There are 2 protein chains.
Amino acid sequence: MSKKDAFDLKDFLPYLLNQAAEVTSREFQTYYRRRYGMLRTEWRVVFHLGRYGDMTATEICDRSMTHKTKVSRAVKALEKKRFIKRTVVEEDKRNETLSLTPSGRAAFRDLFSAARTYDETVTRQFSADENDVLRACLAKIAGT
Amino acid sequence: MSKKDAFDLKDFLPYLLNQAAEVTSREFQTYYRRRYGMLRTEWRVVFHLGRYGDMTATEICDRSMTHKTKVSRAVKALEKKRFIKRTVVEEDKRNETLSLTPSGRAAFRDLFSAARTYDETVTRQFSADENDVLRACLAKIAGT
DNA sequence: ACATATTAGTTGCTTTTGTAACTAACAAGG
DNA sequence: CCTTGTTAGTTACAAAAGCAACTAATATGT
């Protein structure tokens, strides 16, 4: 805002961020939801495994700042849908390595490219400079 | 991102937006939650009434793009906590005008100034130009 | 070795949200 | 008037998220 006494809901960053996040999330949701019956956390798990390779649930929690119960439930659901499989780590049986099945990998490839495309349609609205600033600010706020 | 083949979760706008939104929401939550036992939607309702004057639930829904069940429940909760009261509109008894009680007004004043302060602490991290770009982009994405 | 603490992951219970069906009040056409 | 449609708001039920307590495996200090 420019004047302090005109401070408005639309000047309030948490509100703005939420609205923007909700709009994009809703839009992109249709992909993983309609096509693969996935939930947001499930899509994130698939993204992590597809993009960075096999890892444990805890690693996914750390990288995505997601609570472990959410990931645990996502893993269970993805396993039931045969998108991922788990393997207990012999050296430390508390850990289990998660990996994509062939159909999980196919879903990932599809969703990965859909994500890229969707990102571009949002990005296209802005200049290169605007984009850089936007992303840098968001990353800073998110603390990543 | 700069290279397409480096597309990463942190380059994906919906993800970035969500992370940033969650961080700020969590931080600001502590105010209305701890001090007044409010939920996010309740705080939004209070903000609307305090900032723009009395209005109906539907007007709040429209202005904040919030679903009516959420507002309905927030109104019920706020009424129980004696922060707002309703008055059926005589000319059209389907409508009810919502207005803040004295304690609701006091909570609003407190939270309004907390919001402004909080916004500034986030804003302070960025230059004036960056801020303008950030807010303009978010508003555009949010479609407001 | 053994009690104690940590870590990975799950489960149960509560709170919050989403969706759809519902009531009540009004509007409009015949 | 009286059917049909619309609008404001609520409620009931289902999906999802948050939180805390739990199990199982391992690590640590004595």
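Quick caveat: nothing in here was measured; it's all calculated off a predicted structure. Throughout, a chain's letter reflects where its sequence line sits, starting with A, and its residues are numbered from 1. We use all heavy atoms of the structure for the numbers below, so side chains are in, but hydrogens, waters and symmetry mates are not.
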Can you figure out which of D/dT26, C/dT16, C/dC26 approaches the side chain of B/K93 most closely?
-> C/dC26
Using side chain to side chain donor-acceptor pair (under 3.5 Å) as the criterion, list what pairs up with A/K76, not counting sequence neighbours.
-> none
Describe the nucleic acid contact of B/K68 in one word from base, sugar-phosphate, nothing, applying a heavy-atom distance below 4.0 Å.
-> base
Under 4.0 Å from any atom of DNA chain D, heavy atoms only: list the residues of residues 71-79 of chain B that qualify, in numerical order.
-> B/S72, B/R73, B/K76
Test item: B/E120 side-chain N/O and B/T117 main-chain N/O as donor-acceptor pair under 3.5 Å | no
Starting from C1' on C/dT10, measure out to CD1 on A/I60 and report it in whole angstrom.
-> 16 Å
Ring pair (Phe, Tyr, Trp, His ring centres under 6.0 Å) with A/F126: which residues, sequence neighbours excluded?
-> none
Looking at DNA chain C, which of residues 13-23 of chain B put a heavy atom within less than 4.0 Å of it?
-> none
Can the ring centres of B/W43 and B/F28 be said to be less than 6.0 Å apart?
-> yes
Base, sugar-phosphate, or nothing for B/T56, non-hydrogen atoms under 4.0 angstrom?
-> sugar-phosphate
Restricting to nitrogen or oxygen on both sides, can you table the protein-nucleotides 4-7 of chain D pairs closer than 3.5 Å?
| residue | atom | partner | partner atom | Å |
| --- | --- | --- | --- | --- |
| D/dT7 | O2 | B/R94 | NH1 | 3.1 |

For DNA chain D, what residues of residues 38-49 of chain A have any heavy atom nearer than 4.0 Å?
-> A/L39
Whole-Å distance between C/dT14 P and A/H67 NE2?
-> 18 Å
Rounded to the nearest Å, what distance is computed from the NZ atom of residue A/K80 to the C1' atom of nucleotide C/dT10?
-> 15 Å
B/R35 CZ: over 12 foreign heavy atoms closer than 6.0 Å | yes
Go through C/dA25, D/dT26, C/dT10 for me and flag the one nearest to the B/D92 side chain.
-> C/dA25
Counting side-chain heavy atoms from CB outward, which of D/dT26, C/dT11, C/dT19 is closest to B/T69?
-> C/dT19
Option passing side-chain contact (heavy atoms from CB on, under 4.5 Å) with A/L98 (candidates A/I60, A/T56, A/D54) | A/I60
Before giving the answer on side chain to side chain donor-acceptor pair (under 3.5 Å), spell out for B/Y32 and B/E42 the whole-Å C-alpha distance, their side-chain angles and the decisive distance to 0.1 Å.
-> CA-CA 9 Å; B/Y32 53 78; B/E42 296 172 34; over 6 Å; no
Want to settle it: does B/K70 or A/R86 sit nearer the 5' end of DNA chain C, counting the closest nucleotide to each?
-> A/R86
